[in-house]
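Order of the sequence lines sets the chain letters (A, B, ...), proteins ahead of strands, with each chain counted from 1.
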2 protein chains.
Amino acid sequence: MKNKDTYIEVGQIDPLEIMDKFGLLCTVDCVIFGYNQESLNVLTIECTTKPYVDKLSLLGDVLYREETTNEAAKRILRERAGLQNIYMEDVGVFSDIDRHPLSRVITVGYYSLVQIEDFAIVDAQNRHLTWIDVATIEEMAYDHKKILDSALIKLKKTIRQQPIGFKLLPEKFTLNQLQSFYEVVLGIKFDKRNFRRKLKSLDVLTDLGEIQDEVSHRPAKLYSFDSTAYEKRKANGGVNFTV
Amino acid sequence: MKNKDTYIEVGQIDPLEIMDKFGLLCTVDCVIFGYNQESLNVLTIECTTKPYVDKLSLLGDVLYREETTNEAAKRILRERAGLQNIYMEDVGVFSDIDRHPLSRVITVGYYSLVQIEDFAIVDAQNRHLTWIDVATIEEMAYDHKKILDSALIKLKKTIRQQPIGFKLLPEKFTLNQLQSFYEVVLGIKFDKRNFRRKLKSLDVLTDLGEIQDEVSHRPAKLYSFDSTAYEKRKANGGVNFTV
DNA sequence: CCAAAAGTGTTCTGCGTACACCCATGG
DNA sequence: CCATGGGTGTACGCAGAACACTTTTGG
């Protein structure tokens with residue numbers, strides 16, 4: 001095995017010296033997906049840093065010394081989008097050397113899921129906070145497009161294995177709404193009968209015994225997600241959500 | 001939406017000031033898995049930092065300013081274990097506030113796979129570099145046990161979807177060796193006939209027309225991994241490696 | 001000829017997939 | 001009564017899972 005005399009390990013040299021040499025900034029960027037019964041969107045803000053002024057950017061902030069990246073992501077969601085207790089998953093580290101124009105900044109990506117209707121945007125900072133259909137986004141500030149793409153890949157993978165889809169629907173929903181959610185996010189069509197059989201066989205839906213009203217056609221039954229049944233199922237060996 | 005007057009964005013205030021306030025260290029830690037036909041092991045080193053002196057630690061180093069975390073992981077594998085061009089996958093960020101005793105240090109985990117026979121340990125630093133059976137590890141320095149556990153979970157998941165198992169076997173191997181590798185890593189037993197049928201149906205094995213010698217029983221046929229066939233297969237919609 | 005590991009086929013079951021028509025409501 | 005979306009059942013094919021005996025070699 002090779003050795004290296006210049007080998008440095010954190011803690012073996014003066015902390016001040018090492019910070020001076022290797023200290024860097026870490027940020028957290030949040031991909032906030034919003035679904036509106038038609039399209040999958042992402043919450044964006046206009047960037048104010050050269051050379052990306054006016055380009056679309058994700059909501060992000062620097063990681064504080066006294067918080068984990070998870071806590072930072074929660075803080076960003078809460079302070080900058082008014083979102084609390086929502087689904088959140090790690091997308092990974094992005095550490096390209098020149099990803100930030102002003103200094104060495106690595107970032108940790110997270111993604112979340114919300115229903116757009118539940119979430120009234122108040123653009124207090126006048127920063128042009130906007131939902132953009134992910135299908136139309138071609139370019140973003142920094143490497144945020146790359147983060148978005150990774151988040152989308154992870155969302156698609158996860159959605160097939162866990163019923164997180166319910167997080168993007170109203171509490172009471174119809175089976176067609178559920179199906180159309182999967183179709184929009186995954187970009188594929190499902191057979192109605194097969195979709196329903198599969199979902200019902202999972203035993204995580206509660207038939208509320210209610211129906212839609214104010215629709216000019218046969219009203220659909222309303223369902224809700226039975227999270228205790230799901231947790232039980234998960235404990236007994238997992239959910240296979242392939243549809 | 002809530003606003004926050006104290007909101008800070010990287011690039012909007014003096015870079016020196018922000019480094020002073022939010023600068024931190026980032027390290028990369030490598031979980032190097034080694035398989036020896038019997039058990040799954042991980043390469044460890046004795047830690048020299050209080051309060052973890054003599055505890056087991058992963059190979060890691062601080063992230064340099066001019067490299068990505070991927071590059072740092074490659075450097076660690078090369079300089080400290082003599083490993084080059086080996087399989088490597090990201091495990092994620094570990095950012096607990098007190099995970100390092102001397103300062104705020106976040107780390108990015110990676111894992112790799114090697115065959116122990118191919119890799120002669122030269123412990124030039126006299127740091128007690130050792131292969132340890134992962135099944136016997138209960139405690140490690142820092143949060144390295146947590147990183148190891150995450151790496152193991154990811155390895156198990158990945159091994160079922162991609163034929164990375166071949167990276168942990170000699171170039172020529174028998175089907176029983178391959179099966180036993182899967183059994184050791186996943187901790188479950190497979191039916192011999194089903195395993196063989198499944199593997200052969202994947203079309204990624206080359207029958208070398210050779211057999212074992214110097215065994216005191218019927219010699220087994222030797223196979224190698226046909227990586228071009230695998231790449232073709234992957235391109236045409238992926239491999240399902242469930243066994 | 002014995003020990004030890006190599007090698008081999010069939011059946012059953014469950015799941016994904018393809019496919020077409022009637023139903024309930026509002027206007 | 002018509003337009004609109006809601007709702008239902010059957011048949012086929014593939015893949016995973018269960019299961020036991022014969023073969024080849026060295027000692």
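Using the six-membered ring where Trp is involved, Phe173(B) and Phe166(B) have ring planes that are tilted, between 30° and 60° apart.
Protein atom CD of Gln179(B) is 12 Å distant from nucleotide atom P of dG7(C), rounded to whole Å. Atom CD in Gln177(B) sits roughly 12 Å away from atom C1' in dA5(C) (whole-Å rounding). For the pair Gln212(A) CD and dT25(C) P, the interatomic distance rounds to 12 Å; values are reported in whole Å. Atom CZ in Arg196(B) sits about 7 Å away from atom P in dA6(C), given to the nearest Å. We find that CZ of Arg193(B) is positioned 10 Å from P of dC21(D), with the value rounded to whole Å. Here the C1' atom of nucleotide dA20(D) and the CG atom of Asn194(B) are 13 Å apart, to the nearest Å. Across the protein-nucleic acid pair, Glu214(B) atom CD and dA4(C) atom P stand 20 Å apart, rounded to whole Å.
Distances were taken from every side-chain heavy atom of Asp191(A) (C-beta onward) to each of dT8(C), dT25(D), dC19(C); the shortest belongs to dC19(C). The side chain of Lys192(A) approaches dG7(D) more closely than any other nucleotide in the set dG9(C), dG9(D), dG7(D). Considering only side-chain atoms of Arg218(A), the nucleotide from dA5(C), dA24(C), dT8(C) that sits closest is dA24(C).
Ion pair Asp90(B)/Lys154(B) not flagged as a salt bridge, since none of the NZ, NE, NH1 or NH2 atoms sits closer than 4.0 Å to an Asp/Glu carboxylate oxygen. One finds no salt bridge joining Glu210(B) and Lys221(B) here, because no Lys/Arg side-chain nitrogen approaches an Asp/Glu carboxylate oxygen to under 4.0 Å.
The aromatic ring centres of Phe225(A) and Tyr230(A) sit less than 6.0 Å apart.
Residue-to-nucleotide contacts include no donor-acceptor pair under 3.5 Å from the side chain of Arg197(B) to the base of dA15(D).
Lys221(B) comes within 4.0 angstrom of sugar-phosphate atoms only, judged by non-hydrogen atoms across all strands, and of no base.
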